[in-house]
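Chain identifiers are assigned alphabetically (A, B, ...) following the order of the sequence lines, protein sequences preceding nucleic acid strands; residue numbering begins at 1 within each chain. What you see below is based on every heavy atom in this structure, not just the backbone, and it leaves out hydrogens, waters and symmetry mates.
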There are 2 protein chains.
Amino acid sequence: MATIKDVAERAGVAPSTVSYVLSGSRKISEDTRRAVQAAIAELDYHPRASARTLRSARSDVLALAVPRVPGEYRAVDGRFAIDISDAARDHGYDLLLMTDLDGVGGLRRVAGSGLADAAVLMAVEEQDPRIGAMRELGFPTVLLGRGDDDSALPWVDLDWEAAVALALRETVAAGHRHIAFLASADHEIAARRGYAVHGLDGARSAAKETGADIGVHRSSSDPDVLGRRVREVLGARSAPTALVVQHLHRLPHLLAEVAAAGLRVPEDLAVVPVGALPDDLGGRPLPRIDLPVAEMSSAVVELAVKAIAAAPPGRDTQDDPTPGLPPHRLIEPQMAPGLTIAPPKMPT
Amino acid sequence: MATIKDVAERAGVAPSTVSYVLSGSRKISEDTRRAVQAAIAELDYHPRASARTLRSARSDVLALAVPRVPGEYRAVDGRFAIDISDAARDHGYDLLLMTDLDGVGGLRRVAGSGLADAAVLMAVEEQDPRIGAMRELGFPTVLLGRGDDDSALPWVDLDWEAAVALALRETVAAGHRHIAFLASADHEIAARRGYAVHGLDGARSAAKETGADIGVHRSSSDPDVLGRRVREVLGARSAPTALVVQHLHRLPHLLAEVAAAGLRVPEDLAVVPVGALPDDLGGRPLPRIDLPVAEMSSAVVELAVKAIAAAPPGRDTQDDPTPGLPPHRLIEPQMAPGLTIAPPKMPT
DNA sequence: CTGTTAGCGCCTTCAG
DNA sequence: CTGAAGGCGCTAACAG
């Protein structure tokens, strides 16, 4: 294991010179630089991360806190983990994956021990205890998904209101007049999750704006309940010609219900998912609004890096009066390109 | 940011005493211990990870190298990342997610800088350059999936041969005599990927053992090609009554083809996926062999921890003659409980 | 049973 | 333009 001293010796210079060559924070003569770099290559020298971190109070690591429900797995978590890792790398950071079953303990440890410089909190819930804990510690933290209190911490989220409104507007533009909107599940709405609430808002404003007949229906995580509601909606007297779906967890199940009702997609019923991951679709090329994972990941890392710059580690910025609101990024939704919403069979 | 010195001062003891209380590597009187622990709690003291690592040459971090194809995302990668993180935590390790687009560079850096104590390599390919690089560095490394050379590094994999054989045997046991086995895709077989090769072996041995008519067909990552082959198989004169599928990437597409051929599942055709993730199934309760992600994750972390213990960091063990073969874990496949394979409509 | 001390590898003043 | 020195926080070998 080569150290900076070994490199210096081999290059015939002082250790500090090697350090300066590495950091570039001082002018070094061309000859010296070359000698040093040759020595580095020959010895396969790598600076010890721990020594750097100890000195500089910066680890160049971001922590990603993934919520974990035992026995359950949400595909979106893994997807974001990978993309956020890519984004972090682009900014010179490594990513530490925290899947803590016991809530806030792991995050406290990582923050307190200086293992990471900032945290990204996924799947933020109302009254998430992690938010308070991180604020109390004065630890730079960014939320993926809006919390209830916009002034608390920086955050990034898809603009769910705009997304649902866009999907509905496009559906109307395709000629549909009777549209069903399948919103989030009961318990998500009851918990006033951001995406659930804002999605409903979007449906409301689209209905007002377009004047179309838009029926709003809640989903359910119980397949049986969901199936019953879908059958009700599709079997009603003035059945919808299009279905805009925000609750995608059971989309294949839902499509099976549609098929079982004797309806073909999209001839009899256009189906438009909102906030979709590729896996949600079961391989079907539906017109849709994708969840912009890469863009959200990039944005959340950018905010994390900014938060680190604003709160230099090593000093308690706890009593800092937070000059102004924390920043946020509301990501604009877009229809997936290259697909069009089929028109209704018989326009009414 | 409290240090061990602050704690010592507040407790009226020496810094080393605090250290000993923390590590438990020395007898400490009850009174002293209590005083120290009170001080720790009052100051909310956390040991600096970087200082510990610098001293001990151990970071208590595992690196997970996830292969990345730009613009592509494999759901299985995210799934394993989360589960391996859980498993690492159980062993006292944190997990660093490496999604390096430029191959072996990131791994070298993490290994050389001491950021991690060991690496887990996902989705190992034949002739994977990362394997040689890690061996050369003498860095503890474990493979998730078999490489071609079993003596190279410790590894963990599902026993794909047993899995395919089991699925076929169970299908035969359900009464089927004409079975189609949809193997891995052309390019996977051409590349001699472990799971592809071993899956074919399993089909061969099951055919011999049961005497059933088992047709082996290669899959394709091209949906059109796959569709054509499936139609051929299902439309043949002696059409199969069951389909055992190892290539799950396009399962929903495949099921759509089956439906388009006018066949109902499972009445007309039993479908049995092998090595499935929940997402692969599109919500359908098919009889199947699941990919045992949790078990594989746990096993891979165990081997990584053992590899660390065998190669104490800080000393070059490069010239160690590797006393005996590296360990491995071949995970035994199991049919998903609570589901049965439907018998054929008209046994032949 | 507890205290003192040296040093892990690096960076960054300060001197030359 | 380069070198020497101190200290980041912690642990483990030496005292006592």
Side-chain angles (χ1 to χ4, degrees), chain A residues 1-37 39-40 43-60 109-115 117 312-316, chain B residues 1-37 39-40 43-60 109-115 117 312-316:
Chain A
M1 165 202 63
T3 80
I4 206 171
K5 238 175 173 171
D6 302 323
V7 175
E9 210 164 317
R10 203 172 213 295
V13 298
S16 57
T17 305
V18 178
S19 176
Y20 286 124
V21 168
L22 252 29
S23 69
S25 67
R26 193 197 243 187
K27 267 249 177 264
I28 298 286
S29 79
E30 196 46 40
D31 290 358
T32 309
R33 185 211 292 322
R34 242 197 291 283
V36 167
Q37 269 164 352
I40 287 177
L43 297 176
D44 190 30
Y45 165 76
H46 289 262
R48 298 255 117 200
S50 52
R52 282 197 148 154
T53 300
L54 180 59
R55 245 304 314 199
S56 67
R58 296 174 151 284
S59 62
D60 290 345
R109 180 177 57 83
V110 167
S113 69
L115 241 185
D117 295 333
R315 263 202 36 243
D316 267 341
Chain B
M1 166 201 63
T3 79
I4 206 170
K5 240 173 169 169
D6 301 325
V7 175
E9 210 165 316
R10 201 171 214 293
V13 298
S16 59
T17 303
V18 177
S19 176
Y20 287 123
V21 168
L22 252 28
S23 70
S25 68
R26 195 198 242 186
K27 267 248 177 261
I28 298 285
S29 78
E30 197 47 39
D31 289 0
T32 309
R33 183 209 297 315
R34 244 198 290 281
V36 167
Q37 269 165 352
I40 287 176
L43 297 176
D44 189 31
Y45 164 76
H46 289 264
R48 298 254 119 201
S50 52
R52 284 198 148 158
T53 300
L54 181 58
R55 257 284 335 188
S56 65
R58 298 174 149 284
S59 62
D60 290 344
R109 180 178 56 83
V110 167
S113 70
L115 241 184
D117 295 335
R315 263 204 34 246
D316 267 343

Undergrad: Could you say whether B:Ser50 or A:Ile28 is positioned toward the 5' end of DNA chain D, judged by the nucleotide with the nearest heavy atom to each?
TA: A:Ile28

Undergrad: If you compare all heavy atoms of A:Gly114 against all heavy atoms of A:Ser59, which two are closest, and at what distance to 0.1 Å?
TA: O-CB, 3.7 Å

Undergrad: Between atom CZ in A:Arg33 and atom P in D:dC1, what is the gap in whole Å?
TA: 10 Å

Undergrad: So which nucleotide from C:dG9, D:dG9, D:dT2 ends up closest to the side chain of A:Thr32?
TA: D:dT2

Undergrad: Rounded to whole angstroms, how far apart are CZ on B:Arg55 and C1' on C:dA6?
TA: 8 Å

Undergrad: Need one value for A:Val13: base, sugar-phosphate or nothing, where a base atom within 4.0 Å counts as base even if backbone is also close, heavy atoms only.
TA: sugar-phosphate

Undergrad: For A:Tyr45 and C:dG9, what is the distance between atoms OH and P respectively, to the nearest whole Å?
TA: 10 Å

Undergrad: Rounded to whole Å, how long is the line connecting atom CZ of B:Arg48 with atom C1' of D:dG7?
TA: 15 Å

Undergrad: Do any side-chain nitrogens or oxygens of A:Thr3 fall under 4.0 Å of OP1 or OP2 in C:dG9?
TA: no

Undergrad: Calculate the interatomic distance between A:Ile4 atom CD1 and D:dA5 atom P; express it in whole Å.
TA: 16 Å

Undergrad: Could you state the atom-to-atom distance from NZ of B:Lys27 to P of C:dG3 in whole Å?
TA: 17 Å

Undergrad: Please tell me which of the listed nucleotides, D:dT2, D:dG9, C:dT2, lies nearest to the side chain of A:Ser29?
TA: D:dT2

Undergrad: Determine yes or no for a side-chain-to-main-chain donor-acceptor pair under 3.5 angstrom, with B:Thr53 supplying the side chain and B:Arg58 the backbone.
TA: yes

Undergrad: Is there side-chain contact between B:Leu22 and B:Ile40, with at least one heavy-atom pair below 4.5 Å?
TA: yes

Undergrad: Starting from C1' on C:dG9, measure out to CG on A:Leu43 and report it in whole angstrom.
TA: 15 Å

Undergrad: Carefully, step by step, assess A:Glu9 and A:Lys5 under the rule salt bridge (Lys or Arg N to Asp or Glu O under 4.0 Å).
TA: CA-CA 6 Å; A:Glu9 210 164 317; A:Lys5 238 175 173 171; over 6 Å; no

Undergrad: Output the single nucleotide from C:dC1, C:dT2, D:dG3 whose closest atom is nearest the side chain of B:Arg26.
TA: C:dT2

Undergrad: Is the phosphate of D:dT11 approached by B:Arg52 (side-chain N or O, under 4.0 Å from OP1 or OP2)?
TA: yes

Undergrad: Considering just the side-chain nitrogens and oxygens of A:Ser19, establish if one lies under 4.0 Å of OP1 or OP2 belonging to C:dC10.
TA: no

Undergrad: Do any side-chain nitrogens or oxygens of B:Ser25 fall under 4.0 Å of OP1 or OP2 in D:dT11?
TA: no

Undergrad: Verify the contact: side-chain N or O of B:Tyr20 to OP1 or OP2 of D:dA13, cut-off strictly under 4.0 Å; return yes or no.
TA: no

Undergrad: Starting the side chain at C-beta, find the nucleotide from D:dA12, C:dC11, D:dT11 nearest to B:Ser16.
TA: D:dA12

Undergrad: Give the rounded distance in Å between these two atoms: NE2 of B:His46 and C1' of D:dC10.
TA: 16 Å

Undergrad: Given side chain to side chain contact (heavy atoms under 4.5 Å, CB included), test B:Arg109 with B:Leu115 step by step and report yes or no.
TA: CA-CA 8 Å; B:Arg109 180 178 56 83; B:Leu115 241 184; 4.3 Å; yes

